[in-house]
Amino acid sequence: MIQIFNTLTNKKEEFKTITPNKVNMYVCGPTVYNYIHIGNARPICVFDVFRRFLEYRGYEVNFVQNYTDVNDKIIKQAKEEGITPEECSEKYIKEYEKDATGLNVRPATIHPKVTLFMDKIIPFIQTLEHNGYAYRAGNDVYYRTRKFQDYGKLSGQSLDDLIAGARVDVNDIKEDPLDFALWKGCGTDEQHWDSPWGAGRPGWHIECSCMAKHTLGDTIDLHCGGHDLIFPHHENEIAQSEAANGVPFANYWMHNGHINVDNQKMSKSLNNFFLTREVAEQYGYEVIRYLMIQAQYRAPMNYSVQLLEACKASLDRLYQCRDSLTAAIKQAKSGAVSPNAKAIFEKARTDFIKAMEDDLNTADGLTAVFELVRELNIMSADASTPKEELEEGLKAFNELIDVLGLLYERKEAEIPQEILDLVELRKEARKAKNFAEADRIRDEITAKGYSVRETRQGVEIKKL
RNA sequence: GGCGCUAUAGCCAAGUGGUAAGGCAAUGGUCUGCAACACCGUGAGCGCCGGUUCAAAUCCGGCUGGCGCCUCCA
């Protein structure tokens, strides 16, 4: 039984889908006006893991992640770069995809773009207008929050509490300070679409409501995003969708915690962010993915170099396990898989699934993997372990690793002949017990950017 | 002011009533020509105070610290 913490009820609940074994999920995607920072990378990785896990457990997953390609920030950025807003969003969608691919995030089933949904967004707003949930003010259209009874049910706040926060925009053309824009009028000299209310652009929240409806239906199983989207973004999506469709919008809401720097939220506005690609350049994308997986997704996480180093080292252990196992398989003799080994593999799977079913406890999932790693290391170091047993072990290992989406970055590098020759020389020197020469050759190999180690399964050469 | 989250070893992080998983780092050992890897071993009584209980990191009350949201933000 899969359980997830549902923001809507503030409780861990059994995850029941509308259609058995099918999941319709929507994840809020990026506004494409810049490169993503590692705070943005967290939901991308985390919900990719959840998707993989659901599929591993036999669900068919419709995974929708939008691109917000209409936004004032995009227009501003485009101006700075001297390109059109369309060119700007296209550019950053491509850059986003580079990062997502680097993070081993699988493409969504559908990646809807706002620009392609304009003919759906306008009627959506009209529906709200006809229902009395929207009103025109000047060249804009606003949502009438007071009319929606359940407003605040996701964030757990009443309208009056929210207003008491006294940070809401005072805008005298709105009926209520908490009313938000569905459509904003603008001049025809800037990016705009024609509508019954004149030239303008849609508000941020309506886009997601509309794209979710047209890609997944009126009621979806699961809606995901960052913690900071709970209010107002997701609250407003609920208000719009439920007022327009007359049915619940999403049954479950999952929100990931933030990444902090020096115990402060990493954000573009605070300018304390690290770009995903910058960190990747130094540590590799995979270390970032590992970072996201090593903690439970809801907990806040403090970013530090020390933490990244630890992640890198842990990842090395996983690679090491797979490499030794692969090497051992090549040399092992055929034989039967022992009942003991079978039990170990089965326990790893069971523990892993149990952890992941419990509100996506990836930290515990990793523990199951590492416990398997120890056993596998013992098996591959033992020359009497039959080939079939090692193969079964590798299969179990890969199965779990695939759900987490790890061990994808380091490929077997082509070793240049020059290095192979040096390795051969070292081998001869060692055989002749000329260790000074052997060490000298090793240093030379290191200087050329490769490492050489004598392992139980033979010589291992790696690119540094 | 309102709503919510959080506090476990040097770092990260599980554990929601029965005497603290796992990873990294450190350290002792086995293996190794050396090294690396691997393996075996070593470390916390869980922010503070009080209560409930045969039994609490886990439940209740209070306190303190950290963070987030209430404005664009993953």
Side-chain angles (χ1 to χ4, degrees), chain A residues 7 10 12 27-31 36-47 71-73 152 155-158 160-169 177-178 180 204 224-233 235 255-260 263-270 273 290-292 294-302 304-321 323-324 351 355 358 361-371 373-374 376-378 380-382 429-430 433-436 438-439 442 451-457 460 462:
Chain A
T7 310
N10 248 313
K12 214 185 262 186
V27 180
C28 279
T31 299
I36 59 166
H37 59 65
I38 61 166
N40 302 119
R42 190 171 191 186
I44 299 167
C45 293
V46 159
F47 297 120
N71 185 282
D72 289 356
K73 285 179 186 165
S155 52
Q157 303 224 89
S158 70
D160 295 322
D161 290 341
L162 288 162
I163 288 169
R167 289 166 75 194
V168 284
D169 180 29
L178 281 175
F180 55 90
W204 176 37
C224 310
H227 195 255
D228 54 351
L229 295 182
I230 295 173
F231 190 89
H233 187 51
E235 195 72 72
H255 292 99
N256 63 276
H258 285 136
I259 292 183
N260 299 329
N263 286 314
Q264 269 213 316
K265 175 182 168 181
M266 179 184 297
S267 75
K268 285 176 185 166
S269 34
L270 287 173
F273 58 86
Y290 188 94
L291 173 75
M292 305 306 173
Q294 57 93 35
Q296 214 270 351
Y297 74 96
R298 277 191 295 130
M301 175 192 301
N302 205 44
S304 70
V305 168
Q306 193 179 17
L307 179 53
L308 277 181
E309 293 286 352
C311 289
K312 188 172 187 295
S314 302
L315 209 43
D316 281 342
R317 182 166 161 82
L318 295 177
Y319 269 109
Q320 189 62 45
C321 174
D323 290 349
S324 320
D351 288 352
D358 182 16
N361 194 334
T362 47
D364 254 0
L366 270 178
T367 293
V369 173
F370 277 108
E371 279 171 354
V373 163
R374 167 166 296 115
L376 292 175
N377 282 336
I378 293 170
S380 48
D382 181 351
R430 290 182 75 236
K433 300 217 186 292
N434 184 353
F435 297 122
D439 288 348
R442 181 165 60 193
S451 74
V452 57
R453 305 190 300 125
E454 284 74 35
T455 72
R456 287 172 186 78
Q457 287 86 27
E460 181 190 278
K462 272 190 180 166

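Model, not experiment: these values are computed from the prediction. Protein chains get the first letters and strands the later ones, always in sequence-line order, with residue 1 at the start of each.
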Check whether any side-chain N or O of A:Gln157 sits under 3.5 Å from a backbone N or O of A:Gly152 as a donor-acceptor pair, and report yes or no. no

How is [X] classified with respect to the nucleic acid when contacts are heavy atoms under 4.0 Å: base, sugar-phosphate, or nothing?
X: A:Ile230; result: nothing
X: A:Gly152; result: nothing
X: A:Lys312; result: nothing
X: A:Ala381; result: nothing
X: A:Met301; result: nothing
X: A:Ile36; result: nothing
X: A:Gln296; result: sugar-phosphate
X: A:Leu366; result: nothing
X: A:His37; result: base
X: A:Ser155; result: sugar-phosphate
X: A:Gly39; result: base
X: A:Gln157; result: base

When the [atom1] atoms of [N] and [M] are considered, how many whole Å apart are they?
N: B:rC11; M: B:rG43; atom1: C1'; answer: 14 Å
N: B:rA74; M: B:rC69; atom1: P; answer: 12 Å
N: B:rA21; M: B:rU27; atom1: P; answer: 24 Å
N: B:rA44; M: B:rG2; atom1: C1'; answer: 38 Å
N: B:rA55; M: B:rC40; atom1: P; answer: 37 Å
N: B:rC59; M: B:rG17; atom1: P; answer: 8 Å
N: B:rG62; M: B:rG23; atom1: C1'; answer: 36 Å
N: B:rC63; M: B:rU19; atom1: C1'; answer: 28 Å

Could you check which nucleotide pairs with [N] in any of the strands shown, counting Watson-Crick or G-U wobble with both distances under 3.5 Å?
N: B:rC3; result: B:rG68
N: B:rU42; result: B:rA26
N: B:rA55; result: none

Nearest 0.5 angstrom please: [X] [atom1] to [Y] [atom2], how far?
X: A:Ile230; Y: A:Thr7; atom1: CD1; atom2: OG1; result: 5.0 Å
X: A:Gln264; Y: A:His258; atom1: CD; atom2: NE2; result: 13.0 Å
X: A:Asn256; Y: A:Asp228; atom1: CG; atom2: CG; result: 8.0 Å
X: A:Ser267; Y: A:Asn40; atom1: OG; atom2: CG; result: 10.0 Å
X: A:Arg374; Y: A:Cys321; atom1: CZ; atom2: SG; result: 11.0 Å
X: A:Leu229; Y: A:His227; atom1: CG; atom2: NE2; result: 10.5 Å

Can you find a side chain N or O atom of [X] that sits less than 4.0 Å from OP1 or OP2 on [N]?
X: A:Asn377; N: B:rC39; answer: yes
X: A:Asn361; N: B:rG15; answer: yes
X: A:Lys265; N: B:rA74; answer: no
X: A:Arg374; N: B:rC40; answer: yes

Is there aromatic stacking of A:Phe370 against B:rG22, centre distance under 5.5 Å, plane angle under 30°? no

Hey, is the side chain of A:Asp439 pairing donor to acceptor with the base of B:rG33 inside 3.5 Å? yes

Pair of N/O donor and acceptor under 3.5 Å linking B:rC5 base with A:Arg298 side chain: no

When you match A:Asp358 and A:His258 each to their closest nucleotide on RNA chain B, which lands nearer the 5' end? A:Asp358

5' precedence on RNA chain B between A:Arg442 and A:Phe231 (nearest-nucleotide basis): A:Arg442

Send over the distance from [X] [atom1] to [N] [atom2], rounded to a whole Å.
X: A:Glu235; N: B:rC70; atom1: CD; atom2: P; value: 12 Å
X: A:Asp160; N: B:rC70; atom1: CG; atom2: P; value: 18 Å
X: A:Asp161; N: B:rC3; atom1: CG; atom2: C1'; value: 7 Å
X: A:Asp228; N: B:rG4; atom1: CG; atom2: C1'; value: 14 Å
X: A:Arg430; N: B:rG33; atom1: CZ; atom2: P; value: 7 Å
X: A:Gln264; N: B:rC69; atom1: CD; atom2: C1'; value: 15 Å
X: A:Asn302; N: B:rU8; atom1: CG; atom2: P; value: 12 Å
X: A:Asn260; N: B:rC11; atom1: CG; atom2: P; value: 17 Å

Yes or no on side-chain contact (heavy atoms from CB on, under 4.5 Å) for A:Arg42 and A:Met301, after CA distance, side-chain angles and deciding distance? CA-CA 10 Å; A:Arg42 190 171 191 186; A:Met301 175 192 301; 3.8 Å; yes

Could you tell me if A:Glu460 and A:Thr455 have a donor-acceptor pair between their side chains, going purely by distance under 3.5 Å? no

Heavy atoms from C-beta onward define the side chain here; which of [options] lies closest to that of [X]?
X: A:Ala295; options: B:rG23, B:rG33, B:rA13; answer: B:rA13
X: A:Phe435; options: B:rA74, B:rC12, B:rG33; answer: B:rG33
X: A:Asn10; options: B:rC5, B:rC34, B:rA14; answer: B:rC5
X: A:Asp364; options: B:rG15, B:rA74, B:rG33; answer: B:rG15
X: A:Lys73; options: B:rA74, B:rG2, B:rC72; answer: B:rC72
X: A:Arg317; options: B:rC34, B:rG23, B:rA21; answer: B:rG23
X: A:Glu371; options: B:rG22, B:rG2, B:rA74; answer: B:rG22

So, is B:rG45 syn or anti if syn means the angle is within 90° of 0? syn

